[in-house]
Amino acid sequence: MFGQQEGKLHRPHGEFACLSVGIGEDVWVVQDAAQLPDLFKLVSPAKYFLYYNSMYDIRQLRRFLPMPQRPIWDCMIVEKILWGGYFSINEFALNDCVRRYLNIKMDKEPRKQFSVVSHMSDEMIHYAATDVYLTYKVYLEQLKEIAKRRYDMKTYDLIEEPCIWATLDFKPVKVNVKRWHEMVKELTIRGRSLENDLGVNVNSHQQLKEFIKNNTGVKVDNVQEETLLINANKIGKELVDKILLTKSLRKAESTYGEKWLANFVEDGDLVYADFKTVGTETGRYACSNPNLQNIPAHKIPEYRQLFISAKGRLIVADAQAQEPRILAHLSGDKALKQIFADGQDVHTIVTRAIFKDDTITKSDPRRDREGKTINLASSYGLSAQGLADKLNIELADAETFLRNYFAKFSGVAAFRDRMYSQANRFEYVESISGRRVWVNRHNYAWQNNSINAPIQASAADLLKTWLTTFHNRCIIDKVEFPVVLVVHDEIVLDVPLEQVALYKTMLKESFQVAAHKWFGDMPFELDVVHGTKWSCKKLNEEAD
DNA sequence: ATTACTCGCGCC
DNA sequence: CGGCGCGAGTAAT
């Protein structure tokens with residue numbers, strides 16, 4: 001495409017430049033969009049359409065001809081499945097593959113010309129042709145690698161390929177622009193006036209460190225929230241609170257302020273984010289332009305209330321304690337599995353275990369602090385030092401918690417050791433679908449990675465299978481696919497009021513199908529609520 | 001003036 | 001202690 005803006009490549013805009021098409025070794029560069037329908041008729045018997053980043057091409061091609069769902073081999077997605085964790089996530093461009101497999105350096109300079117010119121030069125034609133030719137060559141290399149590994153490609157066939165089609169069908173999400181402007185104004189005024197009072201630029205860690213030293217004599221290594229809170233007694237509770245509040249107000253202004261609205265809100269107050277199906281080495285989604293997966297939910301809950309329904313109601317569904325269930329399944333730990341079999345609260349039971357006190361109840365504050373934290377830690381890698389830092393306790397106490405935890409959940413300790421030795425022997429670990437995540441043992445965090453990766457990657461498998469099962473169901477039932485957001489263990493739909501009940505049922509059933517497919521009898525629970533806003537707590541009040 | 005990097009923080 | 005994206009500030013070019 002000619003004349004496309006950076007950061008908007010997922011949006012249909014710009015003028016048609018060319019389409020390069022290869023059939024085997026032969027390459028054409030088509031410069032007339034009117035020829036596209038005939039061209040696609042000609043090539044439609046192909047077993048696969050090979051793409052490099054199919055979502056970009058399909059989104060653009062959809063402007064000129066229908067692009068029905070059909071088998072595709074997306075070399076970029078395949079590459080991420082083959083080498084997740086081996087290369088960093090920004091090393092999966094075509095030129096990276098070409099360099100690695102073929103030892104050829106690609107000249108990406110001509111690509112830059114497309115955004116500023118409106119006709120094809122010879123150099124650009126050559127570039128476009130080379131692009132598609134090398135995509136084919138990369139595909140051949142991938143086939144060799146897959147054969148060498150005797151890899152079944154289950155993760156691609158069952159999860160990633162359907163996921164591409166589902167993601168192409170995502171709908172935009174609506175925001176409350178008027179209220180957003182008002183809120184930003186309010187937060188900006190408060191933030192700037194607080195910053196004036198303080199007399200320091202809180203966005204500058206250097207200046208803020210200096211300020212704290214000059215005013216209180218306390219030297220801090222950094223100005224993270226956690227550090228300031230730990231040192232609150234020395235610095236002064238009131239000052240710390242004021243600094244933190246100012247920082248969070250300034251953040252609201254900079255990240256979610258007027259610039260956000262101007263950049264990302266399109267006609268009808270709709271936001272079209274770029275969801276990348278394989279945005280991480282573990283297979284999780286990532287989202288950008290804008291990132292809708294890190295909209296404040298806890299610190300400034302008002303922001304999620306600015307995401308509203310365009311069709312009638314939002315349905316918000318999220319999986320309960322997904323990762324502890326997956327850990328229970330992968331480890332096979334009897335005590336952990338029993339918690340879920342009995343439908344008990346995992347945080348409470350774990351709190352009882354680490355404090356060796358069976359009288360602890362769900363409302364005990366230790367459940368939310370120590371219990372929840374150790375459950376997070378169990379899927380993040382479990383180190384005593386990390387736990388001590390997080391809970392701001394002595395190392396010895398953290399060690400005691402871990403000792404007690406592993407005494408009760410000995411299967412988790414065995415799982416941990418299995419993952420360490422697998423990572424040591426093979427340099428990779430695997431998810432429930434066989435998704436491979438390479439572990440670099442020269443990385444200081446390799447042990448954490450070898451525990452976390454199978455859990456996080458299996459969670460991604462589950463969410464994606466849930467999503468694509470639901471997508472299929474919508475196609476079969478000939479109803480709109482109403483997904484507007486996907487946030488790791490959560491799917492949000494925007495549906496007409498009269499179809500709320502229908503979609504809730506479909507979503508719940510799809511989730512159970514997906515959970516059963518990968519995790520058999522391990523019980524999974526889905527929380528499903530609906531309302532006019534994307535706000536976790538408030539929704540129930542509006543229900544029905 | 002532009003680019004690359006660090007720090008910090010939002011989410012799960 | 002795991003995984004991301006993004007903005008401001010700062011240092012290097």
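Naming convention: chains lettered A, B, ... in sequence-line order (proteins, then strands); numbering from 1 in each chain.
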Tell me: [atom1] of [X] to [atom2] of [N], nearest whole Å?
X: A:Phe307; N: B:dG10; atom1: CZ; atom2: P; answer: 16 Å
X: A:Lys299; N: B:dC12; atom1: NZ; atom2: P; answer: 12 Å
X: A:Glu226; N: B:dC9; atom1: CD; atom2: P; answer: 10 Å

Original post:
Do A:Arg416 and A:Phe406 meet the cation-pi criteria used here (NZ or CZ under 6.0 Å from the six-membered ring centre, within 45° of the axis)?
Top reply: yes
Original post:
Quick one: does NZ or CZ of A:Lys464 land under 6.0 Å from the six-membered ring centre of A:Tyr285, within 45 degrees of the ring axis?
Top reply: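 Satisfied, under 6.0 Å and within 45°.
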Original post:
5' to 3' on DNA chain C, which nucleotides open and close the contacts with chain A (atom under 4.0 Å from a heavy atom)?
Top reply: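 Extent of the interface on DNA chain C: C:dC1 to C:dA11.
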Original post:
If you pin A:Ser288 and A:Arg284 to their nearest nucleotides in DNA chain C, which one's is more 5'?
Top reply: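 In this pair, the answer is A:Arg284.
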Charged N-O contact under 4.0 Å between [X] and [Y]:
X: A:Arg435; Y: A:Glu160; result: yes
X: A:Glu427; Y: A:Arg441; result: yes
X: A:Lys242; Y: A:Asp197; result: yes

Original post:
For A:His298 and B:dC12, is the shortest distance between a side-chain N/O and OP1 or OP2 below 4.0 Å?
Top reply: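 Checking B:dC12 against A:His298, a side-chain N or O does come within under 4.0 Å of OP1 or OP2.
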Original post:
Closer than 4.0 Å, any side-chain N/O of A:Gln293 to the OP1 or OP2 of B:dC12?
Top reply: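 No, outside the criterion.
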Original post:
Hey, does A:Gln322 reach any base, or is it just sugar-phosphate, or nothing, if we go heavy atoms under 4.0 Å?
Top reply: nothing
Original post:
Hey, does A:Ala384 reach any base, or is it just sugar-phosphate, or nothing, if we go heavy atoms under 4.0 Å?
Top reply: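 Nothing: the residue A:Ala384, judged by heavy atoms under 4.0 Å, touches no strand.
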Original post:
Which residues, if any, of residues 248-260 of chain A bring a heavy atom under 4.0 Å of DNA chain C?
Top reply: A:Ser254, A:Thr255, A:Lys259
Original post:
Are the side chain of A:Asn176 and the backbone of A:Arg179 linked by a donor-acceptor contact shorter than 3.5 Å?
Top reply: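 Present.
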Subject >> For DNA chain B, stems built from three or more consecutive Watson-Crick or G-U wobble pairs below 3.5 Å >> reply: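 If one scans DNA chain B for consecutive Watson-Crick or G-U pairs, the stems found are B:1-12 with C:2-13.
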